[in-house]
Number of protein chains: 2
Amino acid sequence: MAMGRPRCFDAEKALDEAMEVFWRHGYEGATIAQLTEAMGINPPSLYAAFGSKEGLLRAALDRYTAKRGAFLTETLCAPTARVVAERLLMGIAEAQTDPSHPPGCLLVQGGLACGSGSENVPFELASRRAETEHRLRQRFERAKAEGDLTATADPAALARYLSAVIVGMSVMASSGAGREELREVARLSLKAFEQQAETVTKASASTPIVALIQP
Amino acid sequence: MAMGRPRCFDAEKALDEAMEVFWRHGYEGATIAQLTEAMGINPPSLYAAFGSKEGLLRAALDRYTAKRGAFLTETLCAPTARVVAERLLMGIAEAQTDPSHPPGCLLVQGGLACGSGSENVPFELASRRAETEHRLRQRFERAKAEGDLTATADPAALARYLSAVIVGMSVMASSGAGREELREVARLSLKAFEQQAETVTKASASTPIVALIQP
DNA sequence: CTACATCTGTAGTGAGCACTACAGTTATGG
DNA sequence: CCATAACTGTAGTGCTCACTACAGATGTAG
């Protein structure tokens, strides 16, 4: 039958604005009034489109993790675990101090603790952070199988370690640390990989992808 | 003249309870109703003693940092920078998974982002975290002077790195990581110190405190 | 014992919160 | 061109929040 009046706002642009508000003020600190103003809509439109404040957060998180996930996917293509870690940490040092966004990471700034009634918000954020750790672990398991990590290396522990450092960098950024300070943390963190990696020659021997394509 | 009716509750015990509530729910997530119930008092007593919710937080933070500061002071007495870092990280892995308290660190769980009107809370927490970093840096500067860190080591960067890892461990703990997982992160973090430390013999040569006391 | 200073418990206060009822608007289907 | 379906803006809803007025309680000083 009839199809009704179409939506007057761009949902993706509105989500980007909502994302910024949650990022800057956290889930509990963000008010519907702030959100609707930033999104340029009125409360009923928000609730029609996203159901609730928590639904809006989830939609914003989906958008956020899609972007960050793409960066991670690209990073995981690096030839060795060591290079994966380096590009990841350096990229994150840059992203978390990008002046066009609030500092730090939405998955951390969103909220680690919440009042009664929103206990699942920290849980939701934690499970999204765990996704990154999971993909890192898989990549390091592959690296171990390919020999660019030693046989004694623990891929799960390395992934957990990197995740912890990333979260630490995020908090540092949110409390005012600059890009170069984050890079220094990243550089020191990478030292943990230096003992776990096979020699450079052996590592480069296990990276024949380019060599195969360009013989 | 007259001295008035004395206080009926133990302010320090009440502060301990308030600390737990802020720790578990964050500053914004904690309500006056929860706080007064946990403290076993009524709102007027709370406001008479601490002035405001933010004043109560500050008093709770004072108590928290006093305890943690004592642990840090003790840890900084370790003979070398490497041992300082090891004892600190291992002690923190234990403290942050102590089942008699909420997981993680109050200075992180308290809130990284806040709604308009409490913007100074994240700032207050950050400046208290910075205090630990500052004391670590001073200790590493001493270590460099004493020669148990190499001449090329950067004490400020090492302190910042450790602070970042500690924060990362705190967030991990608050999202459910166990003690052994935190210890693994700590062990990997310490690898950053292995290149910065002089040889073991040289390091032990610069630890004559015990030798002097017990010749 | 009386006067006074401070605390305690009851019972609120206005403000701000997430969320929504409703009437008006703008599209499509027939 | 009319009926219908979905969205929009106004103006609220009840609820919870941090905070407090006030009266009664309980101590000390003289």
Side-chain angles (χ1 to χ4, degrees), chain A residues 1-15 17-18 21-22 24-60 110-111 113-122 124, chain B residues 1-15 17-19 21-22 24-61 110-111 113-122 124:
Chain A
M1 298 278 277
M3 274 200 29
R5 175 176 176 177
R7 177 176 288 155
C8 289
F9 64 95
D10 178 347
E12 300 208 326
K13 269 210 177 306
L15 267 184
E17 298 298 330
V21 176
F22 283 131
R24 199 174 303 278
H25 298 289
Y27 174 74
E28 291 200 291
T31 69
I32 296 290
Q34 285 175 318
L35 289 164
T36 52
E37 187 186 343
M39 298 166 84
I41 62 177
N42 291 308
S45 300
L46 191 160
Y47 283 89
F50 305 106
S52 67
K53 188 183 176 185
E54 216 171 305
L56 175 61
L57 175 71
R58 260 190 288 271
C114 265
S116 314
S118 326
E119 292 93 347
N120 33 344
V121 167
E124 172 93 27
Chain B
M1 298 275 274
M3 274 200 32
R5 175 175 177 176
R7 180 176 287 156
C8 289
F9 63 96
D10 178 347
E12 299 208 327
K13 269 209 178 305
L15 266 184
E17 298 298 329
M19 198 174 80
V21 175
F22 282 132
R24 199 175 301 280
H25 297 290
Y27 174 74
E28 292 200 291
T31 69
I32 297 290
Q34 285 175 318
L35 289 163
T36 52
E37 188 187 341
M39 298 166 85
I41 61 176
N42 290 309
S45 299
L46 191 160
Y47 283 89
F50 305 105
S52 66
K53 187 183 176 185
E54 217 171 304
L56 176 61
L57 175 71
R58 261 190 288 270
L61 289 178
C114 267
S116 315
S118 326
E119 292 93 347
N120 32 343
V121 167
E124 171 92 28

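Here is the naming used below: chain letters follow the sequence lines, and residue numbers restart at 1 for every chain.
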Nearest whole Å is fine: how far is dA18(C) C1' from Phe50(A) CZ? 16 Å

pair Leu61(B)-Phe22(B): side-chain heavy atoms closer than 4.5 Å: no

What distance do Asn42(B) atom CG and Ile32(B) atom CD1 have between them, rounded to the nearest 0.5 Å? 12.5 Å

What's the CG-P distance between Leu46(A) and dC17(C), to the nearest Å? 15 Å

Please give, in whole Å, the distance from dC17(C) P to Lys53(A) NZ? 9 Å

Can you pull the salt bridge (charged side-chain N to carboxylate O under 4.0 Å, His left out) pairs that have at least one residue in residues 25-36 of chain A, sequence neighbours excluded? none

Measuring from the side chain of Ser52(B) (C-beta onward, heavy atoms only), which nucleotide among dG9(D), dA18(C), dC19(D) has the closest atom? dC19(D)

When every nucleotide of nucleotides 20-25 of chain D is labelled 5' to 3' by its protein contacts under 4.0 Å (heavy atoms), B for base, S for sugar-phosphate only, - for none, what sequence of letters results? BB--BB

Tell me every residue that passes side-chain contact (heavy atoms from CB on, under 4.5 Å) with Asp10(A), counting only those two or more places apart in sequence or in another chain. Glu12(A), Lys13(A)

Can you measure Arg7(A) atom CZ to dT28(C) atom P for me and round it to whole angstrom units? 16 Å

Could you give the CE-to-P distance, from Met3(B) to dC7(C), as a whole number of Å? 10 Å

Distance test, side-chain N/O of Ser45(A) to OP1/OP2 of dC7(D), below 4.0 Å: no

Once rounded to the nearest 0.5 Å, what's the spacing between atom CG of Leu57(B) and atom CZ of Phe50(B)? 11.5 Å

Against the side chain of Asn42(A), the closest entry in dA18(C), dA18(D), dT10(D) is dT10(D)

List the residues meeting side-chain contact (heavy atoms from CB on, under 4.5 Å) with Arg7(B), not counting sequence neighbours, and say none if there are none. Phe9(B), Ala11(B), Ala49(B)

Contacts of Ser52(A) meeting side chain to side chain donor-acceptor pair (under 3.5 Å) (sequence neighbours excluded), chain-then-number -> none

Which residues within residues 26-39 of chain A lie with some heavy atom under 4.0 Å of an atom in DNA chain D? none

Roughly how far, to the nearest 0.5 Å, is the CD atom of Gln34(A) from the CD atom of Glu17(A)? 13.0 Å

Summary of salt bridge (charged side-chain N to carboxylate O under 4.0 Å, His left out) pairs that have at least one residue in residues 31-59 of chain B, sequence neighbours excluded: Glu54(B)-Arg58(B), Arg58(B)-Glu124(B)

